[in-house]
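A note on names: the letters A, B, ... follow the listed sequences, proteins ahead of strands, and every chain is numbered from 1. We use all heavy atoms of the structure for the numbers below, so side chains are in, but hydrogens, waters and symmetry mates are not.
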Protein chains: 2
Amino acid sequence: MALEHAILVSLAEKTASGYDLARRFDASIGHFWKASHQQIYKVLGRMESDKWVEAHLVEQSGRPDKKVYAITGEGRDELLRWSSTPTPIEPTRSEIAVKVRGLPFGDREAVLSDVRTRREAHVAQLAYYEASAAKHYPDPSAIGEDELGAYLVLRAGFMQEQTGIAWCDEILQAFGADER
Amino acid sequence: MALEHAILVSLAEKTASGYDLARRFDASIGHFWKASHQQIYKVLGRMESDKWVEAHLVEQSGRPDKKVYAITGEGRDELLRWSSTPTPIEPTRSEIAVKVRGLPFGDREAVLSDVRTRREAHVAQLAYYEASAAKHYPDPSAIGEDELGAYLVLRAGFMQEQTGIAWCDEILQAFGADER
DNA sequence: TGTTGCATTGCAACTCGTTGCATAGTACGG
DNA sequence: CCGTACTATGCAACGAGTTGCAATGCAACA
């Protein structure tokens, strides 16, 4: 139940409409917490009744009106409260790990080609993180306190992709399928 | 929707009761796919109507009777079919990443102590994987084809914990909080 | 002019998984 | 003898998230 909090963080940084949030969740924040626009609208509604956020309608010309949400004092309180409660370690859930584990009962070639595809996805994502870091934080030693969180999260993504690539390589090597 | 398939893999290796499966999901397979016993019983029921597994009742003395499930031919077919369909990349969902990202709006000390706790959990899990590898695969060069899947999954866990530790260290270092 | 795509919000139905509860016999430690 | 823990199976209610669908009005492209 942390989508609420992900939204609060996002709104604490900058007010946004549901649509804006949906796009943010497709990009930056979405790298470690995905959400569809349907889900976002639903949760925003609940958060508004909880007084964590408040909306005001912005009329636009040429495009539909939008509701811009801002975090409230209560929302900030909730963020603080939440940040000081221990985080449960969420179990990994990896379908491809199940497939690899069950390789003797599966289609070996298909799974290996799946692994190759996944490797490429990791490489692409890694490149994205790298570019993003180079753009926003060209000088890592000059990162301010307020940017540090975002930077560290980017690092997490980066490291995770590296690990993902390394694991794929081990698999492909183990099955002698790393030549293409 | 891969719990079915995780169960199929488990049953393909060895028949089991729901209770047995629940314990396996607390241990080996559970490292990359968690499931509660309630969930397992529910899914087993569905799988039985789908003819993927079949159960026979085993009467026991001194303890409750149990239903031992075995994979069927159809179950094996399904496993094969599933293994040859592409695996969607499941998005990461990390509550602690949200907290780190939102650190400027949260309780800094609490989050950092949370990170320290998490680091310890990673260390413990890493040790567990290490011990497990040493016990089951003392000689990595002598691993047979049928064990390879299980071994590689263990490797994935190992690498992930390492990455987790490294990330925690970066955070603690960045905030100058790595002394304890 | 027709089609595609963007901006914007939302509902309804469904699936997956969690939490809480229930039952029941045995074994073991205090 | 009492409480706790283990073996064993399951239901009911709920919550989170996904999939599918809908509306509207503008801009750009073919």
Side-chain angles (χ1 to χ4, degrees), chain A residues 1-8 15-27 29-30 32-50 53-69 82 87-95 98, chain B residues 1-8 15-27 29-30 32-50 53-69 82 87-95 98:
Chain A
M1 212 228 273
L3 174 56
E4 272 94 334
H5 298 103
I7 290 179
L8 281 180
T15 61
S17 67
Y19 189 83
D20 294 334
L21 285 171
R23 275 187 310 181
R24 284 189 208 167
F25 276 79
D26 268 352
I29 298 190
F32 49 92
W33 203 280
K34 286 269 171 252
S36 64
H37 72 100
Q38 292 94 332
Q39 179 71 358
I40 288 170
Y41 285 120
K42 211 191 297 182
V43 170
L44 274 175
R46 191 164 62 224
M47 289 169 79
E48 198 178 356
S49 3
D50 288 347
V53 298
E54 50 190 23
H56 67 271
L57 210 71
V58 174
E59 285 175 43
Q60 300 187 110
S61 56
R63 49 185 63 183
D65 297 350
K66 62 178 174 176
K67 277 186 187 170
V68 173
Y69 289 90
W82 167 74
T87 315
I89 26 88
E90 52 257 316
T92 325
R93 224 154 223 199
S94 168
E95 189 167 349
V98 179
Chain B
M1 216 228 276
L3 174 55
E4 272 94 332
H5 298 103
I7 290 178
L8 281 180
T15 61
S17 67
Y19 190 82
D20 295 334
L21 285 171
R23 275 187 312 180
R24 284 189 208 167
F25 275 80
D26 267 352
I29 297 189
F32 48 94
W33 204 279
K34 286 269 170 254
S36 64
H37 72 100
Q38 291 93 333
Q39 180 71 0
I40 288 169
Y41 285 122
K42 211 191 297 182
V43 170
L44 274 175
R46 192 164 60 226
M47 290 169 78
E48 197 178 358
S49 2
D50 288 348
V53 297
E54 51 191 22
H56 68 272
L57 210 71
V58 174
E59 285 176 43
Q60 301 186 113
S61 56
R63 50 184 63 183
D65 297 351
K66 61 179 176 180
K67 277 184 184 170
V68 173
Y69 289 90
W82 168 74
T87 315
I89 24 90
E90 52 257 317
T92 325
R93 222 151 226 200
S94 168
E95 190 168 348
V98 179

Quick one: pull up CG in B:Leu3 and CZ in B:Arg46 and give me the separation to the nearest 0.5 Å.
8.0 Å

Indicate the atoms forming the closest heavy-atom contact of [X] with [Y], along with that distance.
X       : Y       : value
B:Thr15 : B:Arg24 : O-NH2, 3.3 Å
B:Val68 : B:Val58 : CG2-CG2, 3.7 Å
A:Leu44 : A:Gly18 : CD1-CA, 3.7 Å

Without decimals, in angstroms, what is the distance between [X] [atom1] and [N] [atom2]?
X       : N      : atom1 : atom2 : result
B:Arg46 : C:dG17 : CZ    : C1'   : 11 Å
A:Asp26 : C:dA7  : CG    : P     : 12 Å
B:Lys67 : D:dT7  : NZ    : C1'   : 16 Å
A:His37 : C:dC11 : NE2   : P     : 12 Å
B:Glu59 : D:dA8  : CD    : C1'   : 14 Å
A:Glu95 : C:dC16 : CD    : P     : 12 Å
A:Asp20 : C:dT9  : CG    : P     : 8 Å
B:Ile40 : C:dC16 : CD1   : P     : 15 Å

Under the side chain to side chain contact (heavy atoms under 4.5 Å, CB included) test against B:Ser17, which residue among B:Lys67, B:Arg23, B:Lys66 passes?
B:Lys66

Which nucleotide in the list C:dT19, D:dG10, C:dG10 gets nearest to the side chain of A:Tyr69?
C:dG10

Of the nucleotides D:dA8, C:dA7, D:dA16, which has the atom closest to the A:Pro64 side chain?
C:dA7

Both A:Arg63 and A:Gln39 contact DNA chain D. Which one's nearest nucleotide lies toward the 5' end?
A:Gln39

Whichever of B:Gln60 and A:Ala2 has its nearest DNA chain D nucleotide further upstream toward 5':
B:Gln60

Please work out if B:Lys34 contacts a base, only the sugar-phosphate, or nothing of the nucleic acid, heavy-atom cut-off 4.0 Å.
nothing

Has the side chain of B:Lys42 got a donor or acceptor that lies under 3.5 Å from a partner of the other kind on the base of C:dT18?
yes

Think [X] has a side-chain N or O under 4.0 angstrom from the OP1 or OP2 of [N]?
X       : N      : answer
B:Tyr41 : D:dG10 : no
B:Ser17 : D:dT9  : yes
B:Arg23 : D:dC6  : no

Relative to the 5' end of DNA chain C, which residue comes earlier, A:Asp65 or A:Gln38, by the nucleotide with the nearest heavy atom?
A:Asp65

